[in-house]
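Take a look at the structure below.
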Protein chains: 2
Amino acid sequence: MLSEFSLIDRYFAQRARTNTQRAALGIGDDCALVSPAPGEMLAVSTDMLVEGRHFFPDIDPHALGHKALAVNLSDLAAMGAQPLGFTLAFALPKPNEDWLAAFSAGLFDLADRFDCELIGGDTTAGPLNLCLTVFGSVRQDVALRRDAAQAGDDIWVSGMPGDARAGLGMLRGEWQVSEQDAAHFRRALEYPEPRVSLGLALRGLARAALDVSDGLAGDLRHILERSNLAATIDVDSLPLSPALARLPREVQLQCALAGGDDYELCFTAAPAQRAAVEAAAQQAGVRVARIGTMSALTSPQDAPAIAWRDAACKPLNLKLQGFDHFHAD
Amino acid sequence: MLSEFSLIDRYFAQRARTNTQRAALGIGDDCALVSPAPGEMLAVSTDMLVEGRHFFPDIDPHALGHKALAVNLSDLAAMGAQPLGFTLAFALPKPNEDWLAAFSAGLFDLADRFDCELIGGDTTAGPLNLCLTVFGSVRQDVALRRDAAQAGDDIWVSGMPGDARAGLGMLRGEWQVSEQDAAHFRRALEYPEPRVSLGLALRGLARAALDVSDGLAGDLRHILERSNLAATIDVDSLPLSPALARLPREVQLQCALAGGDDYELCFTAAPAQRAAVEAAAQQAGVRVARIGTMSALTSPQDAPAIAWRDAACKPLNLKLQGFDHFHAD
């Protein structure tokens, strides 16, 4: 059996050492030394993924490697930060070379695409658990915060939310779909695409932003609460994938509004920026859709809330549950 | 039962918000924004602690909060970095208010002592697992690296290594000790003191440094390998606590040389710096002892190795096993 140290070396450290451009000192010392670009701040985010909660025990390890980094890069995207590097700590029940080879390939395939270096880590024995911390660089005055939305802002979403939740429901047996749609949903669930380019392109254009990890309805509330605003969402303007559009309307809305694991960006921008936002999205190669409007609270005592309506402005009474990461809380 | 969000808020976020001096943006957004001091680099280290491997299931949660941060601060100390902040990701089987109150108290008691802010985090359900990432600030040219030792350097160690391993053996029933010694060993195991002040005081004095987490013998090898040197250690010069000195000599050496979880600093410095090192240690309030010498490899093919000898320079043939974090690898 490979020891902890030879495993780290074979699948992670060797890979990390070959490209230490960003970190003055990487794996192999007590700390890594990193620095944001001059005049920029370091954006930091950490996420833990637990078997049975964030992924099924039989997940393809290549997909797991991708997803573990993708959900962290998504946090940088939602801040408008340029990825620099990441640390990886993981607990493994027992070292398995095939598993580690596939996992590290999935991880580095994505890391290399975004020029994001592995700068440190920790491995231990234990129930499967992955903890990544990512580092990016962003100028403080253009960072896409959650508390910067203003009344009158358009609300935008990238991509076509809901497919990941549709994939989860399919794996759980909640609904049946065609083989082709199944492949589409499974890819959405296992290989989410962090919207890094879009986040970078939105700096100076978008006011508030976050990434949708727990469902659009629940996550939008974080912007409302921190910006102290209300929102109206036109449910019919939600962009749905053809595969999701083939499921019942009730399932579509549950998946697109309350489904998690999409990692699309939800952001607000002034109406004067519509053309600029569209151009930024085109430059980033991502579709964006305008789905609603931010508004002032009617009284200071009002709680931030979302009003749902259809394309004819008819109010809808939606019962949505937030994404529960496989299990009920 | 408290939801994930109210738990974070009650025990962690509220505490974090009250003192966001270092982080321009802390808990509650997609990322935290941090910056090292002008002209400095950010030192980053990550550690994962798993129940049954790094701590016993019945550990006092206050001690666990302390230790989880202490082992990370120890990595900053070994780099000579000034603590700035940390992120905390943890998986909990089920939220328990008493447990969280004690855990967070242990964590913040130590964090406040070193003015180290909680800047971000993630909580999830799962087998108990803690993952911390700490951030410090250090000038790149005085960082205490592992690859900077030179032939002729003295080898130093702080504190009195071995007590944590003595405490582990005691809890495992490997040896019996008096009630008073038991309390001493248990404290060493549960409340390790990160040598942050010593690390800061050694900048510009020490050449290479690391913290002893897996046993002095095993960890010193990391310096030897990265600096491409050999070492001679005078085993009789090892400072032992009175409690450890009461155990059989064989146990003393096993604990002090191959016992982990001490989090003392092992460092090298030029002989000309002896008085300055002693003064730095006194200023930091920590005892340091000179325990050996670095030497060049006799031929380029030689592997870095440690020669053990006693005070009379007689070679010793020690059979040491590295610290195994409770379980054999």
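These numbers come from a predicted model, not from an experiment. Values below: every heavy atom of this structure, side chains too, minus hydrogens, waters and symmetry copies.
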Ranked by heavy-atom pairs below 4.5 Å to chain A, first place among A43(B), S45(B), G126(B), P38(B) goes to A43(B)
Note to self: Just so I know, are the side chains of M79(B) and L33(A) near enough to count as touching, which here means a heavy-atom distance under 4.5 Å?
What the structure shows: yes
So, the part of V134(B) with a heavy atom under 4.5 Å from chain A: the answer is neither
So, the part of A209(B) with a heavy atom under 4.5 Å from chain A: the answer is backbone
When the 4.5 angstrom heavy-atom criterion is applied to L76(B) and chain A, the contacting part is both
One should read off an interatomic distance between L42(B) CG and L84(A) CG, to the nearest 0.5 angstrom, of 11.0 Å
Note: vs chain B, highest number of non-hydrogen pairs under 4.5 angstrom among T87(A), T133(A), N129(A) is N129(A)
State whether the side chain of D75(A) and the backbone N or O of C31(B) hold a donor-acceptor pair below 3.5 Å, judged by distance alone.
no
Under 4.5 Å to a heavy atom of chain A? For T46(B) that would be both
For A125(B) and V50(A) the tightest heavy-atom approach is O-CG1, 3.9 Å
The interface call for F135(B) against chain A, heavy-atom contacts under 4.5 Å, is side chain
Of all heavy-atom pairs linking M48(A) and A91(B), the shortest is SD-N, 3.5 Å
inquiry  = The test is side-chain contact (heavy atoms from CB on, under 4.5 Å); show your working for V34(B) and M41(A) and say whether it passes.
reply    = CA-CA 6 Å; V34(B) 290; M41(A) 302 283 286; 5.6 Å; no
In this structure, CZ of R53(B) is separated from OG1 of T124(A) (nearest 0.5 Å) by 4.5 Å
